[in-house]
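Have a look at the structure below before the remarks.
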Amino acid sequence: MNRDMELIHRLLDGELSEEEKRDILIKIGSDPVLKNEFKEIEKAIHTAKNSDRLIAPASFTSDVMGRLPIRKDSHIKMAKDFLFRGRVLRWNMATALASVCLLIIVFAGVFQFKGKHDLITYTNAPGESNITTVRIDFYSPDAKKVAVAGDFNKWKVDENILKRQENGIWTIEIPLKPGKYNYMFVVDGKVWMTDPNAESYQDDGFGFKNSVLKVAKL
Amino acid sequence: MDKDDMRTEEYSVIKQCMDGNADIYAVLVERYKGMVYNIAYRMLGDTDSANDMAQEGFISAYIALKDFKKNSTFSTWLCSIVINKCRDHLRSKKATVSIDAIAEVSVSKIATPEEAACNRQIRHGIQTALNELPEEYREAVVLKHIEGLDYKEMKDILGINVNALKVRTYRGREMLKKLLKEGGLFNE
């Protein structure tokens with residue numbers, strides 16, 4: 001391909017500098033062969049661009065959905081889930097009191113509870129003994145919008161929007177049942193971020209880490 | 001919805017699919033079926049094969065969702081899967097023609113006046129010409145001029161550096177021009 005033809009192609013792609021554009025347009029204007037080449041290639045591109053688009057068959061989506069395989073967990077994942085999956089323990093007040101008394105006797109002293117995550121606090125929601133309100137904080141002073149998406153909201157990015165505090169910390173309180181939840185922050189609607197203060201992390205399958213939150217019954 | 005919003009939404013949909021909510025995959029199928037079906041049709045030249053390969057592409061993408069990288073776009077990733085399906089399909093039919101074998105463009109299939117008259121429908125005419133292009137040039141012309149992608153997107157789909165892609169596109173255009181001209185499309 002000679003230099004002039006390369007310039008014609010780059011001209012058609014809109015990639016020439018003003019100087020290059022002026023030079024090649026002068027050449028095209030003065031050389032009938034080159035002018036014809038330019039017009040024909042331009043016409044070929046125009047023909048391709050304006051060719052009709054086909055519409056996929058009406059049953060296309062249902063056909064694809066009907067052919068999707070059922071996802072099966074690997075044995076390793078099943079074993080991991082069996083060993084480490086969060087579980088909900090059912091209890092009653094008598095058992096709880098007995099357990100507390102036992103702990104007091106065993107340790108014969110002060111029982112201190114300290115969460116691993118100082119940005120998350122747990123409190124019982126009024127009137128709902130099996131629901132825990134979880135406060136999630138995220139420091140991002142430059143963000144315009146922060147949402148949290150996770151297992152608890154089916155990874156929807158617009159369901160749990162954090163409120164900005166004056167100190168650049170974004171906060172939300174979410175009522176959750178006891179269990180283990182994966183989550184990530186979505187900053188400004190486009191950047192997915194792992195919580196730097198999460199209790200633990202889990203591979204998200206995309207080469208990044210999900211933050212993990214465990215909600216226990218108090 | 002801008003590109004960033006769409007990417008965020010698609011990432012959310014993929015997460016839900018991986019969590020076992022297969023039904024939501026229909027969002028992605030609906031969004032990209034037109035693009036994928038048209039690429040497959042332009043690559044293969046017949047609607048039945050295009051339908052098969054486009055569907056296969058979506059199913060393979062679903063199975064491989066765990067391999068999708070968050071810093072790429074679903075459409076680009078899906079296109080690369082579908083193009084590979086089309087390549088395999090063409091090879092299985094032994095329908096490809098190597099670039100080396102085509103020093104000069106053969107226009108025998110569209111050169112006669114009778115056939116040229118039959119090719120007056122633009123869509124049919126352009127497809128006839130595309131079918132004559134070597135696979136590498138056809139991919140470049142379809143993605144660049146029929147799907148309207150830029151060279152960066154084409155690079156992500158085809159895994160070829162931009163300079164090589166430009167050469168393929170330039171040569172593809174020149175062959176397409178010759179084929180359309182000799183097929184009577186420029187006389188319309």
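Quantities reported herein were computed from a predicted structural model and do not represent experimental measurements. By convention in this document, chain letters (A, B, ...) are assigned in the order of the sequence lines, proteins followed by strands, and residues within each chain are numbered from 1.
- Using a 4.5 Å cut-off on side-chain heavy atoms (C-beta onward), B:Tyr151 and A:Asp13 make contact.
- Judged purely by atom type and a 3.5 angstrom limit, A:Thr61 has no side-chain atom pairing as donor or acceptor with the backbone of B:Val29.
- When side chains are defined from C-beta on, A:Ile8 does not count as touching B:Tyr170, because their heavy atoms never get closer than 4.5 Å.
- Of the residues A:His9, A:Glu15, A:Glu6, A:Arg10, the one that meets the side chain to side chain contact (heavy atoms under 4.5 Å, CB included) test with B:Lys166 is A:Glu15.
- Heavy atoms closer than 4.5 Å to chain B are found nowhere in A:Ala149, neither backbone nor side chain.
- Counting heavy-atom pairs closer than 4.5 Å to chain B, the top-ranked of the candidates A:Lys49, A:Lys154, A:Met65 is A:Met65.
- Interface summary for chain A: among B:Tyr25, B:Tyr37, B:Tyr41, the most heavy-atom pairs under 4.5 angstrom belong to B:Tyr37.
- For the residue pair A:Asn182/B:Lys15, the side-chain donor-acceptor check at 3.5 Å is not satisfied.
- The closest side-chain heavy-atom distance from B:Ile146 to A:Arg53 is below 4.5 Å.
- Residue A:Asp158 does not touch chain B at all, counting heavy-atom pairs closer than 4.5 Å.
- At a threshold of 4.0 Å, the pair A:Arg67-B:Glu56 counts as salt-bridged, since one of the basic side-chain nitrogens sits closer than that to a carboxylate oxygen.
- For A:Val64, the parts lying under 4.5 angstrom from a heavy atom of chain B are both the backbone and the side chain.
- Proximity to chain A involves both the backbone and the side chain of B:Asn51, based on heavy atoms less than 4.5 angstrom apart.
- Residue A:Ile55 touches chain B through its backbone alone, counting heavy-atom pairs closer than 4.5 Å.
- With respect to chain A, the highest number of heavy-atom pairs below 4.5 Å among B:Thr47, B:Ile59, B:Val36 belongs to B:Ile59.
- With a 4.5 Å cut-off on side-chain heavy atoms, B:Met18 and A:Trp155 do not count as touching.
- Of the listed residues B:Ala50, B:Ala26, B:Gly34, the one with more heavy-atom pairs under 4.5 angstrom with chain A than any other is B:Ala26.
- Proximity to chain A (any heavy atom under 4.5 Å) is shown, for B:Ala54, by both the backbone and the side chain.
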